[in-house]
Amino acid sequence: MRTSWADSVADSASENAASGLSGPRPTRATYIPPHLRNRPPSSDFLAPPPAAPSLGNDRVGYGGPAGGSRRGGGGASKPDFGHLGYGSGGRGGGGGWNNRIGGWERGREREVNPFGNDGVAEPAFEVQENTGINFDAYEDIPVETSGQNVPPPVNTFAEIDLGEAVNQNIRRCKYVKPTPVQRNAIPILLGGRDLMACAQTGSGKTAAFCFPIIAGIMREQYVQRPHGGRTVYPLALILSPTRELSCQIHDEAKKFAYQTGVKVVVVYGGAPVNQQLRELERGVDVLVATPGRLVDLVERARVSLHMIRYLALDEADRMLDMGFEPQIRKIVEQMDMPPCGRRQTMLFSATFPKEIQRLASDFLSNYIFLAVGRVGSSTDLIVQRVEYVHETDKRSHLMDLLHAQRETEVNGKHSLTLVFVETKKGADSLEHWLYVNGFPATSIHGDRSQQERETALRSFKSGKTPILVATDVAARGLDIPHVAHVVNFDLPNDIDDYVHRIGRTGRAGKTGLATAFFNENNLSLARPLADLMQEANQEVPAWLTRYASRVSFSGGKNRRSVGPRFGGRDVRRDGTFNRGTDYYGGGNSGSGGYGVPSGYGGGFNPAVASAWD
DNA sequence: AAAAAAT
């Protein structure tokens with residue numbers, strides 16, 4: 001009995017060798033196109049069977065129906081406008097209903113238990129690895145806040161009254177005490193303040209903005225929303241840069257909102273819009289969305305942002321970078337969303353470049369800036385390696401790594417390898433190559449259909465295909481347990497992207513390995529990469545240091561002379577553009593903290609950056 | 001230059 005795919009790859013390799021074939025040969029004679037893969041047991045090299053049915057999230061195919069049984073006759077019959085009337089939770093036509101009771105009763109009959117425990121009251125969520133945060137590891141993390149009248153942090157969930165229903169969900173999630181970002185952000189948000197927060201993903205960031213949103217909606221029971229027509233009026237909007245991340249946020253938010261009467265819906269592109277419309281018609285309080293689909297729905301007048309009271313941008317620096325900013329600006333400023341000050345705006349991200357902070361302040365009103373460090377305050381948990389690999393040698397080198405990966409598997413438990421490439425084409429090509437060489441790989445990128453993307457991600461998470469080839473679509477935010485190894489097959493051009501990519505491993509207190517293939521195509525990254533690794537106490541190869549110093553004064557375009565790309569520091573606090581105070585109050589950062597912009601590496605403090613996912 | 005995001 002084989003114990004791992006690596007064994008079978010090794011076996012097939014030896015079979016090939018025995019049969020006199022030179023070089024790696026396909027284990028299978030027939031090519032199966034990507035969209036037909038990941039089907040049940042067509043392969044014999046699979047990892048040990050997934051221990052448990054993966055996650056409570058049983059989303060199948062398109063976004064849909066985690067919402068539970070359809071109520072009433074949907075279909076052609078007229079939409080039930082009652083849910084647009086009174087009552088928080090956007091439901092319960094009986095305007096005066098106590099929110100909690102209303103939500104509770106209705107929840108019982110129609111709300112799927114997002115904890116995946118067949119409706120039992122005290123569900124098992126213990127092995128829910130998504131949230132398996134090692135809370136003890138979050139002690140003594142440096143925290144910085146700035147802004148006027150910052151509410152003090154809390155130490156326990158008990159200190160904040162989120163309501164009994166939410167409290168119960170907190171227990172179901174096995175959250176014993178709030179993480180630092182939650183300790184700080186929740187009181188700020190409950191106090192109604194706008195917030196710009198830097199915190200790594202996986203540290204409870206989603207909960208940090210979801211709890212206050214949900215509690216706020218529950219509190220305001222008698223919000224009257226317009227009704228009539230087919231327009232829905234969500235009270236909260238959560239935007240994220242990828243569809244998968246939106247799904248992930250939605251799944252989390254459903255847990256937090258379970259039986260609170262607060263309805264969470266997700267909309268995103270690539271999936272049939274009709275199903276999403278039906279979900280919306282059944283009522284929506286919190287809308288999670290990717291920008292494109294949201295704009296579409298607003299323009300079709302199926303969604304109005306007029307009643308939005310809470311706006312959250314996840315991966316906010318990404319949302320406001322060149323590719324996204326116009327869309328976000330359109331949504332926030334040119335549609336019917338209430339202006340700054342009449343809504344509460346919260347921006348969360350792991351990295352927060354200074355120039356993005358400035359942009360972001362357009363969307364904020366008298367905001368509080370919050371920066372929270374990470375477990376171990378560094379990437380201690382991630383061993384970073386960089387190897388010089390010529391373009392032509394990358395594949396065979398990867399094969400070596402994948403074979404070596406076998407040794408790192410722990411008692412038959414699948415360990416996952418995430419391989420980042422630069423282009424969609426490159427992803428297809430590498431996936432195909434791995435596949436014909438007997439490696440159980442799949443891929444995710446923006447040219448694959450949404451169904452393929454979701455299937456690939458599921459297949460990877462479950463260990464069925466423990467190798468995932470990905471573009472940057474998977475670089476941010478995705479919480480994938482058991483990623484033991486991140487391979488930067490192609491290095492990104494931006495060090496921030498590198499930081500986000502390697503942050504897919506070493507999560508929640510577990511250790512991880514990150515290997516990068518470096519060659520002459522990556523010269524512009526030499527310096528920032530060398531700096532980052534050094535600050536994280538990683539072994540920097542001498543050759544990389546040489547490249548770094550060589551590029552030093554050539555001022556490549558990767559070298560934005562305008563200050564640190566990571567803003568662990570509130571831009572409002574470094575009025576002059578010179579050596580800002582060290583975030584850690586004179587810690588070990590040789591580069592002088594965040595505020596040093598002009599030179600090279602300008603104040604970008606890798607040790608800190610890496611501490612933020 | 002590339003990726004992502006509506007159809």
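Owing to the predicted nature of the structure, the values given are computational and were not obtained by experimental measurement. Just so it is clear: chains get the letters A, B, ... in the order the sequence lines come, proteins before strands, and each one is counted from 1.
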- Message: Tell me whether the side-chain N/O atoms of A:Arg318 come closer than 4.0 Å to OP1 or OP2 in B:dA4.
- Response: no
- Message: Nearest whole Å is fine: how far is B:dA4 C1' from A:Asp321 CG?
- Response: 9 Å
- side-chain N/O A:Lys425 vs B:dA2 OP1/OP2, d < 4.0 Å: no
- Task: Report the distance from atom CG of A:Leu277 to atom P of B:dT7, rounded to the nearest whole Å.
- Result: 12 Å
- Task: Using a cut-off of strictly less than 4.0 Å, decide whether A:Thr290 has a side-chain nitrogen or oxygen near OP1 or OP2 of B:dA4.
- Result: no
- Of the candidate nucleotides B:dA3, B:dA5, B:dA6, which contains the atom at the shortest distance from the side chain of A:Glu299? B:dA6
- Message: Using the side chain to side chain contact (heavy atoms under 4.5 Å, CB included) criterion, which residues pair with A:Glu391? Sequence neighbours excluded.
- Response: A:Lys394, A:Asp490, A:Asn519, A:Asn521
- Message: Need one value for A:Gly269: base, sugar-phosphate or nothing, where a base atom within 4.0 Å counts as base even if backbone is also close, heavy atoms only.
- Response: sugar-phosphate
- Item | Integer-rounded Å distance: B:dA4 P and A:Asp314 CG | 18 Å
- Item | B:dA5 phosphate, OP1 or OP2, under 4.0 Å from A:Arg453 side-chain N/O | yes
- For the pair made of NE2 in A:His445 and P in B:dA4, what is the distance, rounded to whole Å? 8 Å
- Item | Geometric class of the A:Tyr388/A:Tyr547 ring pair [parallel <30°, tilted 30-60°, perpendicular >60°] | parallel
- Looking at B:dA6, B:dA1, B:dA3, which one has an atom nearest to any side-chain atom of A:Thr423? B:dA3
- Can you tell me how far P of B:dA5 sits from CE of A:Met319, to the nearest Å? 10 Å
- Message: Once side chain to side chain contact (heavy atoms under 4.5 Å, CB included) is applied, do any residues pair with A:Ser365, and if so which ones, sequence neighbours excluded?
- Response: A:Asp194, A:Cys340
- Task: May I ask you to say whether A:Lys255 pairs ionically with A:Glu252, meaning some side-chain N is under 4.0 Å from a carboxylate O?
- Result: yes
- Item | Interatomic distance where CZ belongs to A:Arg476 and C1' belongs to B:dA4 [whole Å] | 11 Å
- Across the strands shown, which category fits A:Val295 at heavy-atom distances under 4.0 angstrom: base, sugar-phosphate, nothing? nothing
- Task: Taking the side chain as every heavy atom from C-beta outward, state whether A:Glu279 and A:Gln276 have any pair of such atoms under 4.5 Å apart.
- Result: no
- Find the distance A:Leu297:CG to B:dA6:P and express it as a whole number of Å. 10 Å
- Task: For the side chain of A:Asp296, starting at C-beta, report the closest nucleotide among B:dA5, B:dA3, B:dA6.
- Result: B:dA6
- Rounded to whole Å, the CZ-P distance (A:Phe420 to B:dA2) equals 19 Å
